[in-house]
Q: 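One structure, as structure tokens, below. Some questions next.
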Amino acid sequence: VWPAHDTDAPEIRLRCTRDNKVSTRWIGKGMGKPGDKNVVVHFGPMGSATTWQFEWQVTADIPVELVKLEAQIEKVGD
């Protein structure tokens, strides 16, 4: 059972390095309630770039299976 305080609940965190230069800040999201087996987490936009490198971490010693990472790609400008 997770600790009573939401700040102590396990999080999955993601950050992105764009064009091998600028990294975003770590964005943390809750991992659901104990026993949840199908948790979908949305992190939102990570900015404009030609290449992206994603790093993720979990704040607790628990098993995590990353099944899919999706990106919405849009052309900017002409």
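Hydrogens, waters and symmetry mates play no part in the numbers below; they use all other heavy atoms, side chains included.
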Q: Please give me the minimum heavy-atom distance between Arg18 and Ala49, naming the atom from each residue.
A: CB-CB, 3.6 Å

Q: Side chains of Glu55 and Gln57: is there a donor and an acceptor less than 3.5 Å apart?
A: no

Q: Can you list, pair by pair, the side-chain donor-acceptor contacts under 3.5 Å of residues 20-30, counting residues two or more places apart and other chains?
A:
from  : atom 1 : to    : atom 2 : distance (Å)
Ser23 : OG     : Thr17 : OG1    : 2.9
Thr24 : OG1    : Cys16 : N      : 2.9

Q: Establish whether Val40 and Leu14 are linked, either directly or via other cluster members, by ILVMFWY side-chain heavy-atom contacts under 4.5 Å.
A: no

Q: Identify the two heavy atoms, one from Pro10 and one from Ile62, that lie closest to each other, and give their separation to 0.1 Å.
A: CB-CD1, 3.9 Å

Q: Locate the shortest heavy-atom distance separating Met46 from Phe54; write the atom from each residue and the value.
A: CG-CE2, 3.9 Å

Q: Check whether any side-chain heavy atom of Leu69 sits under 4.5 Å from a side-chain heavy atom of Phe43, and report yes or no.
A: no

